[in-house]
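FYI, side chains are in, hydrogens and waters are out, and symmetry mates aren't considered; it's all heavy atoms of this structure.
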Amino acid sequence: MADQVDVLGRAIAQCRICRDCPAGGDADRLPHEPRPVAYLSKTARILIAGQAPGLRVQETGIPFNDASGDRLRQWLDVDRETFYDRSLFAIVPMGFCFPGYNTQGHDLPPRRECAPQWRQAAMDAMPQIELILAIGQYAQAWHLGGRRRRTMTETVEHWRDFLHGNVPGPRVLALPHPSWRNTGWLKKHPWFEAEVLPALRREVSLLIDRNNFP
């Protein structure tokens, strides 16, 4: 299993599908050099499943190395050293490369090539994962499938159904994206901070303790 993680990690790092064979044809080619960013793990019990790297992550090669990451670490109640400890956290977004900006200056959705090519292989390589933090609608759509609610807000609001639901495989905790653009959403939905964050921190703390003291 350790070899499988290493081999898959190297293959992902070398992936250039979005440049060389884009799903939407030549007009949909990634406009810059791909730099896949994904942290697979042989031991982590927690998978952070985000959307796609932002520009700063693309430049540094470090996932969540931006203001969104600062907020996410605050939600998890962990410091940077703990967050980037690959024995504790796997970080595998739905798209591995920065997809670029739309005409409004917002990040584009994750590239369509990544999930079909790599997602199931990544999950198969990490059977020890017990908790998936599904951040945003794209991760929630893949990891929850038909169980996902109509909107991202409704999905997050029903977090107990996914975290405590009696279904096979890792449990899922649905979260909004920690982007500063979602500050208004957080203010509009105070139940997230009051109800979801305590549960999130409790789950993360318990699983980190299990890694440190098996």
Side-chain angles (χ1 to χ4, degrees), residues 1-9 11-12 15 38-52 63-64 72 75-78 82-83 85-96 109-178 191-192 195-214:
M1 195 59 63
D3 289 344
Q4 185 179 359
V5 167
D6 292 338
V7 169
L8 184 60
I12 289 172
C15 181
Y39 284 9
L40 278 69
S41 174
K42 306 165 189 176
T43 60
R45 301 175 192 269
I46 304 168
L47 168 61
I48 298 174
Q51 297 191 139
F64 286 103
L72 178 58
W75 286 357
L76 302 176
D77 195 24
V78 299
T82 302
F83 184 81
D85 184 339
R86 298 197 198 193
S87 72
L88 302 176
F89 290 97
I91 306 175
V92 185
M94 298 307 299
F96 296 144
R111 295 290 306 191
R112 290 181 288 166
E113 301 85 357
C114 287
Q117 179 71 23
W118 301 112
R119 196 76 195 168
Q120 191 58 55
M123 298 306 301
D124 291 344
M126 300 187 294
Q128 82 284 352
I129 293 295
E130 297 183 27
L131 176 66
I132 298 170
L133 305 181
I135 299 174
Q137 61 176 324
Y138 298 102
Q140 290 161 15
W142 201 94
H143 287 284
L144 292 174
R147 294 188 293 152
R148 182 177 61 134
R149 297 301 194 269
R150 185 175 56 87
T151 66
M152 188 276 296
T153 297
E154 291 177 7
T155 301
V156 176
E157 192 171 15
H158 287 84
W159 61 274
R160 293 180 181 86
D161 295 346
F162 314 122
L163 184 61
H164 304 302
N166 185 22
V167 295
R171 294 173 300 138
V172 178
L173 183 51
L175 302 173
H177 197 280
W191 50 262
F192 176 77
E195 300 174 16
V196 182
L197 288 189
L200 169 64
R201 290 166 179 163
R202 182 170 56 254
E203 293 289 337
V204 167
S205 178
L206 288 171
L207 291 175
I208 287 177
D209 285 346
R210 286 184 58 191
N211 269 98
N212 292 330
F213 306 101

Are any side-chain N or O atoms of Thr82 and backbone N or O atoms of Val78, one a donor and one an acceptor, separated by less than 3.5 Å?
no

Short side-chain to backbone donor-acceptor contact, Thr43 and Ser87, under 3.5 Å
yes

Grab the two heavy atoms, one from [X] and one from [Y], that are nearest each other, plus how far apart they are.
| X | Y | value |
| --- | --- | --- |
| Ile135 | Pro178 | CG2-CD, 3.7 Å |
| Met126 | Val5 | CG-CG2, 4.5 Å |
| Gly50 | Ala139 | O-CB, 4.0 Å |
| Ile129 | Pro170 | O-CG, 3.5 Å |
| Ala90 | Ala44 | N-CB, 3.6 Å |

With sequence neighbours excluded, residues passing side-chain contact (heavy atoms from CB on, under 4.5 Å) with Ala199
Trp159, Arg202

Asn212: partners by side-chain contact (heavy atoms from CB on, under 4.5 Å), with sequence neighbours left out:
Leu88, Ile208

From [X] atom [atom1] to [Y] atom [atom2], the distance as rounded to the nearest 0.5 Å:
| X | Y | atom1 | atom2 | value |
| --- | --- | --- | --- | --- |
| Leu207 | Asn211 | CG | CG | 7.5 Å |
| Ile46 | Gln128 | CD1 | CD | 11.0 Å |
| Leu173 | Leu175 | CG | CG | 4.5 Å |
| Leu47 | Phe89 | CG | CZ | 11.0 Å |
| Leu163 | Leu131 | CG | CG | 6.5 Å |

Evaluation steps, side-chain contact (heavy atoms from CB on, under 4.5 Å), between Tyr39 and Val92:
CA-CA 6 Å; Tyr39 284 9; Val92 185; 5.9 Å; no

Those residues that, when tested against [X], pass salt bridge (charged side-chain N to carboxylate O under 4.0 Å, His left out) (two or more places apart):
| X | answer |
| --- | --- |
| Glu130 | Arg45, Arg210 |
| Arg147 | none |
| Arg112 | Asp28 |
| Arg160 | Glu195 |

With a 4.5 Å cut-off on side-chain heavy atoms, are [Y] and [X] touching?
| X | Y | value |
| --- | --- | --- |
| Asp6 | Lys42 | yes |
| Cys15 | Trp118 | yes |
| Met152 | Pro176 | yes |

Under the rule for side chain to side chain donor-acceptor pair (under 3.5 Å), what residues qualify as partners of [X], not counting sequence neighbours?
| X | value |
| --- | --- |
| Arg201 | none |
| Glu203 | Arg171 |
| Ser205 | none |
| Arg149 | Asp161 |

Which residues share a ring-ring contact (aromatic ring centres under 6.0 Å, His included) with Trp75, sequence neighbours left out
Phe192

Does Leu200 form a side-chain contact (heavy atoms from CB on, under 4.5 Å) with Leu133? I'd like the steps, not just the answer.
CA-CA 9 Å; Leu200 169 64; Leu133 305 181; 3.6 Å; yes

Which pairs pass side chain to side chain donor-acceptor pair (under 3.5 Å) with one or both residues in residues 134-145, sequence neighbours excluded?
Arg119-His143

Any idea how Phe64 and Phe83 line up, ring-wise: parallel (<30°), tilted (30 to 60°), or perpendicular (>60°)?
perpendicular

